[in-house]
> 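Structure incoming, see below.
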Number of protein chains: 2
Amino acid sequence: MEETRGQLEASVGFWMGITYRKLSTMLQQRLRPYGLTPEQWSVLYTIQRSDRLIQKEIAELTHKDKPTTTRILDQLEEKGFITKKVGELDRRAFVVHATDKGREVIKETASIEQSLSEEVRSIMTDEEYRLLINILLRVHDHVDAKLQS
Amino acid sequence: MEETRGQLEASVGFWMGITYRKLSTMLQQRLRPYGLTPEQWSVLYTIQRSDRLIQKEIAELTHKDKPTTTRILDQLEEKGFITKKVGELDRRAFVVHATDKGREVIKETASIEQSLSEEVRSIMTDEEYRLLINILLRVHDHVDAKLQS
DNA sequence: ATCAATTAGTTGCTATGACAACTATATACC
DNA sequence: GGTATATAGTTGTCATAGCAACTAATTGAT
């Protein structure tokens, strides 16, 4: 079956990228009316869920590097979804929290992300789903460990 | 186990993205000495494998859109890995083929991509690997069908 | 207490990808 | 044959990500 899919079918990495981008595009289309991209959504969701995080913590939770986090936060701030406040204990750090508008947009859009997740989940068995997550985490951790060295 | 991984663990899409980027970064680091990125590598590999493709075909085989394909081909051409020739039958199209230098660099680097693929494959059973590919394709096809409409 | 090393965040550069608007050529319809 | 439509490719814009170099504040070592 895979033989009909082009020359790179043997490389699970390429298929992971292709499938991920398709999923991301679909979420992007559904979120567009709310003025959020999928990555902005995930950052805002993380902020709103655990309020009073600093950027470093947001970066860790969302698995983004610091420059990417800075820029996504800039966009969320421009759109009025978050505010940044210089840390009281550590004046290098910014404490980020969601505005009412930010909490509101997450409330409105949470079902969009959730329904896409459920849609994906529905095309496989629970056992397959569990295994998929498990394999992704194993691959991630393996490669992550190698990248440190 | 997944509960310790942050707030987005329920969304397989986010984990697919995070894991894919880790894999891509690792391949990027290993390919760097050869002056190729993972995406450039996959395009050049595809060209060198089925010579005399036109850009549209390359785009389809590598699952990239036309603008992205144009730009990656521009970079490969600048580096002397490919040449473009106006099509004889269809003067809108460019026939792309790999130069000796392009074929040489794929020969030198094929083992890098292969060993990373094998490394990934080694951290799961054959059955898990088969299932992973199969699930990725199913998700891809499902979302792809939805995106058309 | 001072100076070095660490840490939080920013800025710049490059690559990729989605999307829209565009040019040039080819095909179809009448 | 001429016009409408489709197709191949390009260009521009924005968002994300990796990487390197940077600033400012903090911590640590003596």
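Residue numbers begin at 1 in each chain, while the letters A, B, ... track the order of the sequences. Keep in mind that this is a model prediction, so the values were computed, not measured.
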> Find the distance A/Gln28:CD to C/dG17:P and express it as a whole number of Å.
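Atom CD in A/Gln28 sits about 14 Å away from atom P in C/dG17.
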> Nearest-Å distance, CG (B/Leu27) to P (C/dA15)?
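Rounded to whole Å, this separation is 16 Å.
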> For C/dA18, does OP1 or OP2 lie under 4.0 Å from any side-chain N or O of A/Arg32?
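Answer no for this pair, as no side-chain N or O of A/Arg32 is under 4.0 Å from OP1 or OP2.
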> Expressed in angstrom and rounded to an integer, what is the separation of B/Gln29 atom CD from C/dA15 atom P?
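Checked: the CD to P distance equals 16 Å.
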> Is A/Asp65 touching bases, backbone alone, or none of the nucleic acid, heavy atoms closer than 4.0 Å?
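The answer is base, as A/Asp65 lies within the cut-off (heavy atoms under 4.0 Å) of a base atom.
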> Below 4.0 angstrom, N of the basic side chain to O of the carboxylate: do B/Glu118 and B/Arg121 qualify?
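Answer for the salt bridge query: no.
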> Using atom CG of B/Leu44 as one end and atom P of C/dA15 as the other, report the distance to the nearest whole Å.
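These atoms are roughly 16 Å apart.
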> Quick one: B/His63 NE2 to C/dA18 P, roughly how many Å, whole number?
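One finds 12 Å between P of C/dA18 and NE2 of B/His63, rounded.
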> Tell me, please, which residues at least two apart from B/Lys84 pass side-chain contact (heavy atoms from CB on, under 4.5 Å).
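B/Gln55, B/Asp74, B/Glu77, B/Phe94, B/Val96.
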> Take the protein atom CD of A/Glu39 and the nucleotide atom P of C/dA18, then report the distance between them rounded to whole Å.
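Interatomic distance, CD of A/Glu39 to P of C/dA18: 13 Å.
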> Measure from the side-chain N and O atoms of A/Glu57 to the backbone N and O of A/Ile54, and report whether any donor-acceptor pair falls under 3.5 Å.
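Yes, because the side chain of A/Glu57 sits within donor-acceptor range (under 3.5 Å) of the backbone of A/Ile54.
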> Under the rule for side-chain contact (heavy atoms from CB on, under 4.5 Å), what residues qualify as partners of B/Arg92, not counting sequence neighbours?
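Scan of B/Arg92 (side-chain contact (heavy atoms from CB on, under 4.5 Å), adjacent residues dropped) gives B/Asp90.
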> How would you give the extent of chain A contacts on DNA chain D, as first and last nucleotide 5' to 3' within a 4.0 Å heavy-atom cut-off?
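Extent of the interface on DNA chain D: D/dA15 to D/dT26.
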> Both A/Asp90 and B/Leu89 contact DNA chain C. Taking the nearest nucleotide for each, which residue is further toward the 5' end?
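In this pair, the answer is A/Asp90.
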> I'd like to check the side-chain contact (heavy atoms from CB on, under 4.5 Å) partners of A/Gln48; sequence neighbours left out, ordered by chain and number.
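For A/Gln48 the side-chain contact (heavy atoms from CB on, under 4.5 Å) partners, ignoring immediate neighbours, are A/Tyr45, A/Ala98, A/Arg103, A/Ile106.
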> Just to verify, what does B/Gln28 make a side-chain contact (heavy atoms from CB on, under 4.5 Å) with, not counting sequence neighbours?
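So B/Gln28 forms a side-chain contact (heavy atoms from CB on, under 4.5 Å) with B/Arg32, B/Pro38.
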> Do A/Ser115 and A/Glu119 get their side chains close enough for a donor-acceptor pair, meaning under 3.5 Å?
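Judged by distance alone, the side chains do not pair up.
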> Starting at atom CZ of B/Arg91, determine the distance to atom C1' of C/dT27, rounded to an integer number of angstrom.
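Going from CZ in B/Arg91 over to C1' in C/dT27 covers 15 Å.
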> Between the protein and nucleotides 9-14 of chain C, which nitrogen or oxygen pairs come in under 3.5 angstrom?
residue : atom : partner : partner atom : Å
C/dG9   : OP1  : A/Gln55 : N            : 3.2
C/dG9   : OP1  : A/Phe94 : N            : 3.0
C/dG9   : OP2  : A/Lys56 : N            : 2.5
C/dG9   : N7   : A/Lys66 : NZ           : 2.9
C/dT10  : OP1  : A/Lys84 : NZ           : 2.7
C/dT10  : OP2  : A/Gln55 : OE1          : 3.3
C/dT10  : OP2  : A/Gln55 : NE2          : 2.7
C/dT10  : OP2  : A/Thr70 : OG1          : 2.5
C/dG12  : N7   : A/Arg71 : NH2          : 2.5
C/dG12  : O6   : A/Arg71 : NH1          : 3.3
C/dG12  : O6   : A/Arg71 : NH2          : 3.3

> Are B/Leu73 and B/Val95 connected in the hydrophobic side-chain network, where two residues link if heavy atoms are under 4.5 Å apart?
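Unlinked, B/Leu73 and B/Val95 end up in two clusters.
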> Hey, is the main chain of B/His97 close enough, under 3.5 Å, to the side chain of B/Lys85 for a donor-acceptor pair?
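Looks like no, no N/O pair under 3.5 Å.
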